[in-house]
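A short write-up of the structure that comes next.
What's counted below: heavy atoms across the whole structure, side chains too, no hydrogens, waters or symmetry copies. Naming: A, B, ... by sequence-line order, numbering from 1 per chain.
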Amino acid sequence: MKGKKGLRRSHGCGLLRQDDVGQEVILMGWVQRRRDHGGLIFIDLRDRSGVVQVVLSPEYHLESFQRGEEVRSEFVLAIKGLVSSRPEGTINPNLGTGDVEVYAQELRILNRSKTPPFYIKEEVNVEENVRLKYRYLDLRRPDMQRNLITRHWAAKAVRDYLSQEGFIEVETPMLTRSTPEGARDFLVPSRQSPGNFYALPQSPQLFKQLLMISGLERYYQIARCFRDEDLRADRQPEFTQIDIEMSFCDQEELLGIMEGMMAQVFAQVMDVELPLPFPRLSYREAMARFGTDKPDLRFGMELVDVSALVAQSEFKVFRSVVEGGGQVKGLNLIGGTSLTRREIDELTGYVAQFGARGLVWLRVTGDGVNSPIAKFLSPREKEDLCNILKAQEGDLLLLVAGPARVVADSLGHLRLHLAEKTGLIPEGKLNFVWIVDFPLLEWDEEEKRYRAMHHPFTSPVEEDLELLQSAPEQVRAQAYDLVLNGVELGGGSMRIYKRELQEKMFATLGITAAEAREKFGFLLEAFEYGTPPHGGIAFGFDRLVMLLTGSENIRDVLAFPKTTSGTCLLTGAPATVEERQLRDLHLKNI
RNA sequence: GGAGCUGUAGUGUAGCGGUGAACAUGCCGGCCUGUCAAGCCGGAGAUCGCGGGUUCAAAUCCCGUCAGCUCCGCCA
């Protein structure tokens with residue numbers, strides 16, 4: 001009676017309902033739990049669809065009952081049995097299948113199991129390294145399965161939508177060449193070309209542009225990308241992008257199609273109807289009001305520029321910062337006077353990591369404004385500050401002075417930090433926003449040169465072209481990011497499609513003509529054979545799934561993620577290799 | 001590269017200079033016919049991450065190191 005010969009699964013455990021009562025079913029799954037009452041055994045049998053209670057009764061079927069005594073957690077069973085209504089008073093309202101149970105007429109142990117290192121159930125309270133080492137067990141848990149299933153449905157919704165809009169899925173090489181700019185590449189040594197290396201793609205950027213030159217017109221790919229940089233809660237060294245490119249479109253058309261895609265994904269996966277079109281903010285406005293280019297619009301607490309109000313202040317720090325071309329900005333934590341001195345001191349430490357030299361606070365109380373700098377502020381200044389920050393009794397004003405970049409960084413992060421700390425972020429809101437009109441370039445102080453803010457293939461806004469030489473930092477890009485609840489979901493641009501402009505762009509970035517020819521010669525040459533105007537976008541698919549599943553960590557939406565230090569605790573990767581393998585690759589350890 | 005938090009039976013935690021390292025759960029055995037976190041009785045299970053130092057004495061204090069996590073830098 002061992003083996004599964006002759007039995008075929010007829011139902012999913014978790015799907016059985018009152019309607020199925022009287023049916024003979026064959027279930028296969030794992031033992032979630034066994035409750036042995038001596039004369040009666042209950043087994044919670046789990047498969048992907050859920051859990052159902054199996055009853056082993058010596059009166060109903062003695063052999064199954066006897067075999068059930070050796071069953072343990074995570075054994076794999078086949079059960080043939082009769083679906084029955086549960087007796088009065090034994091219904092379990094916490095279980096989808098709680099109205100019914102299955103009386104076993106046959107029990108086969110398809111496989112045994114060692115006692116698992118942790119209990120396989122919905123919520124888990126186990127250290128991450130244990131979960132990662134036994135990932136195959138962690139993935140048995142219903143909430144992890146739910147995440148992977150949601151991921152599947154999201155990918156399907158994307159494919160359905162793009163296919164219906166005429167986009168063609170094309171695979172591009174994983175073994176390609178290293179390019180300057182951008183993240184550190186993962187390199188793959190070549191056996192056949194001694195001393196040469198492939199690089200794993202950071203994104204299929206150049207290939208998708210070449211596909212436009214090839215006349216594909218509309219391309220997409222759910223593409224694995226690789227970046228050899230340090231990890232974060234939402235960053236893994238390999239991750240997945242929804243990569244999209246289209247010809248003969250302008251920015252407006254592209255954004256519209258992408259909004260449609262998001263709407264379809266959220267409709268199909270979450271059954272949520274997104275209001276279209278999404279609002280837009282210019283990069284400049286986002287930075288001014290939120291201190292970041294990925295603002296979380298689920299709550300207010302916006303940054304307010306008070307530089308003009310305090311320019312003449314007795315408080316020397318403010319005056320000198322404004323005179324030196326810096327800014328003084330603030331935000332209003334409504335009801336924030338309840339924060340203790342200690343908590344406020346912690347905030348000072350928090351903004352320090354973004355370069356803020358200090359954090360000025362003003363408590364608005366019934367007796368006026370209470371602040372360490374109160375004596376330096378005229379009554380007029382205090383009143384103006386309260387007015388412009390819309391402060392009322394009980395509010396706490398927090399000000400940072402410094403270079404614009406530092407002020408934005410500090411207050412932008414502080415805004416989020418405070419919102420999280422004080423529970424200001426409403427649940428269930430989906431605030432999409434397009435950020436547009438990015439600068440084309442940003443100055444790299446370390447390397448003393450301009451860097452492409454998006455990437456070197458991004459087209460400038462046409463009216464700004466003439467500024468490229470005279471005032472490069474003022475040139476706007478035809479680039480855009482989609483932000484949801486403060487998470488950068490994706491970004492893209494309209495591309496340069498003329499050789500001359502691309503060469504000019506490389507020159508502006510300090511890439512020599514020789515280097516451009518060597519690294520990107522194929523692209524420049526391709527531009528000369530009738531390149532259509534085109535543009536595209538790429539979305540971080542893992543982050544999208546995080547938002548769809550409410551996951552706080554990217555590991556929870558990946559089947560086999562890496563640790564923060566880039567290792568795999570399951571397989572032990574990365575690992576040493578045989579000397580022989582190194583020889584083949586013309587490599588040696590140093 | 002930097003900062004912080006955490007490492008104690010399989011798992012989750014307590015203990016924070018001095019008794020045989022405790023509790024819960026899981027595991028093993030026994031009893032038990034309506035449980036669903038089953039219950040009751042009994043039992044086994046720990047180089048206190050690793051190395052060094054201080055001390056009469058270290059899980060506990062100090063230094064270093066490793067691992068996991070979070071953040072900064074980095075991520076066009």
Side-chain angles (χ1 to χ4, degrees), chain A residues 32-45 51-60 65 72-74 84 86-95 97-98 101 103 114-134 137 179-185 202-203 205-206 225-237 239 346 349-355 409-410 413 416-417 438 440-442 444 446-447 450-458 477 479 488 491-493 505 509 511 538 540 552-553 555 562-567 569:
Chain A
Q32 168 97 3
R33 206 159 185 107
R34 184 185 70 135
R35 288 179 295 282
D36 186 346
H37 288 233
L40 189 68
I41 300 172
F42 299 102
I43 288 174
D44 291 337
L45 194 69
V51 173
V52 71
Q53 172 162 286
V54 174
V55 185
L56 306 178
S57 158
E59 285 147 28
Y60 191 76
F65 172 79
R72 293 292 181 275
S73 287
E74 299 307 312
S84 313
R86 289 201 185 193
E88 184 104 28
T90 65
I91 285 170
N92 184 351
N94 302 320
L95 212 58
T97 57
E101 57 193 0
Y103 273 82
K114 288 170 68 175
T115 301
F118 51 88
Y119 182 29
I120 313 292
K121 59 168 183 171
E122 194 78 28
E123 322 83 35
V124 78
N125 183 20
V126 181
E127 279 192 37
E128 191 95 16
N129 51 356
V130 179
R131 290 177 57 198
L132 290 174
K133 179 172 175 194
Y134 297 96
L137 297 179
T179 52
E181 304 276 313
R184 191 178 295 114
D185 284 318
Q202 295 179 28
S203 80
Q205 182 60 34
L206 294 173
C225 303
F226 305 86
R227 292 175 191 176
D228 189 5
E229 298 291 349
D230 287 354
L231 287 83
R232 282 289 188 286
D234 63 351
R235 264 168 33 193
Q236 284 267 311
F239 61 100
E346 278 168 13
Y350 180 76
V351 293
Q353 61 181 328
F354 305 102
D409 244 17
S410 309
H413 281 98
L416 278 179
H417 183 72
F438 278 85
L440 184 69
L441 303 162
E442 61 187 340
D444 185 330
E446 238 169 76
E447 295 187 35
Y450 283 104
R451 282 162 40 136
M453 193 141 175
H454 184 53
H455 59 48
F457 316 104
T458 296
E488 183 195 325
S493 63
M505 184 68 183
L509 295 174
I511 300 175
E552 292 195 346
N553 198 288
R555 290 185 298 276
K562 305 281 190 290
T563 66
T564 314
S565 53
T567 65
L569 296 180

What is the nucleic acid contact for A:Asn553, judged by heavy atoms within less than 4.0 Å: base, sugar-phosphate only, or nothing? sugar-phosphate

Integer angstrom distance from the P of B:U11 to that of B:G52: 25 Å

Under 4.0 Å, counting only non-hydrogen atoms across every strand here, what does A:Phe457 touch: a base, just sugar-phosphate, or nothing? nothing

How many whole angstroms separate atom CD of A:Glu127 from atom P of B:A67? 15 Å

Is any side-chain N or O of A:Ser565 closer than 4.0 Å to OP1 or OP2 of B:G68? yes

Taking CG from A:Asp230 and C1' from B:U70, how many angstroms apart are they, rounded to a whole number? 13 Å

Under 4.0 Å between any heavy atoms, over every strand shown, what does A:Thr458 touch: base, sugar-phosphate, or nothing? Just pick one. nothing

Heavy atoms under 4.0 Å, any strand shown: does A:Thr90 hit a base, just sugar-phosphate, or nothing? base

Taking the same atom, C1', in B:C50 and in B:A67, what whole-Å distance lies between them? 10 Å

Is A:Thr567 touching bases, backbone alone, or none of the nucleic acid, heavy atoms closer than 4.0 Å? sugar-phosphate

Atom pair distance, as rounded to whole Å: CZ in A:Phe118 and P in B:G26: 16 Å

When you measure from the side-chain N and O atoms of A:Arg33 to the phosphate of B:G26, is any distance below 4.0 Å, counting only OP1 and OP2? yes

Checking all strands, does A:Arg235 fall into the base, sugar-phosphate, or nothing category for heavy-atom contacts under 4.0 angstrom? base

For the atom pair OG1 (A:Thr179) and CD (A:Gln202), what is the distance rounded to the nearest 0.5 Å? 5.5 Å

A:Phe354 atom CZ is separated from B:C74 atom P, nearest whole Å, by 12 Å

Could you walk me through whether A:Lys114 and A:Glu74 satisfy the salt bridge (charged side-chain N to carboxylate O under 4.0 Å, His left out) test, starting with their C-alpha distance in whole Å, then the side-chain angles of each, then the deciding distance to 0.1 Å, before giving a yes or no? CA-CA 8 Å; A:Lys114 288 170 68 175; A:Glu74 299 307 312; over 6 Å; no

Is B:A46 paired to anything, Watson-Crick or G-U wobble with both distances less than 3.5 Å, and if yes, which nucleotide? none

Name the nucleic acid region contacted by A:Arg232, choosing base, sugar-phosphate or nothing; use a 4.0 angstrom heavy-atom cut-off, strictly under. base

Find the distance between OG (A:Ser84) and CD (A:Gln53) and round it off to the nearest 0.5 Å. 11.0 Å

Under 4.0 Å between a side-chain N/O of A:Arg227 and OP1 or OP2 of B:C74, yes or no? no

Nearest-Å distance for atom pair NE2/P, residues A:His413 and B:A3: 20 Å

Gap between atoms NZ and C1', on A:Lys114 and B:G10 respectively (whole Å): 10 Å

Whole angstrom is fine here: how far is it from CG in A:Asp185 over to P in B:C75? 12 Å

Among A:Arg35, A:Arg33, A:Arg34, which residue meets the salt bridge (Lys or Arg N to Asp or Glu O under 4.0 Å) test with A:Asp44? A:Arg35

Looking at every strand, decide which applies to A:Gln53 at a 4.0 Å heavy-atom threshold: base, sugar-phosphate, or nothing. base

Tell me what A:Asn92 touches on the nucleic acid: a base, only sugar-phosphate, or nothing, going by heavy atoms under 4.0 Å. base

Nearest 0.5 angstrom please: A:Leu56 CG to A:Leu40 CG, how far? 8.0 Å

What's A:Glu101 touching, base or sugar-phosphate or nothing? Going by heavy atoms closer than 4.0 Å. base

Check every strand shown and say whether A:Pro87 touches a base, only sugar-phosphate, or nothing at a heavy-atom separation below 4.0 Å. base

Would you classify A:Arg34 as touching base, sugar-phosphate or nothing, given that sugar-phosphate means primed atoms plus P, OP1 and OP2, and contacts are heavy atoms under 4.0 Å? nothing

So OG1 of A:Thr564 and CD of A:Gln236: to nearest 0.5 Å the spacing works out to 8.5 Å

Watson-Crick or G-U counterpart of B:A57, or none if no pair lies under 3.5 Å: none

Quick one: A:Arg35 CZ to B:C40 C1', roughly how many Å, whole number? 17 Å

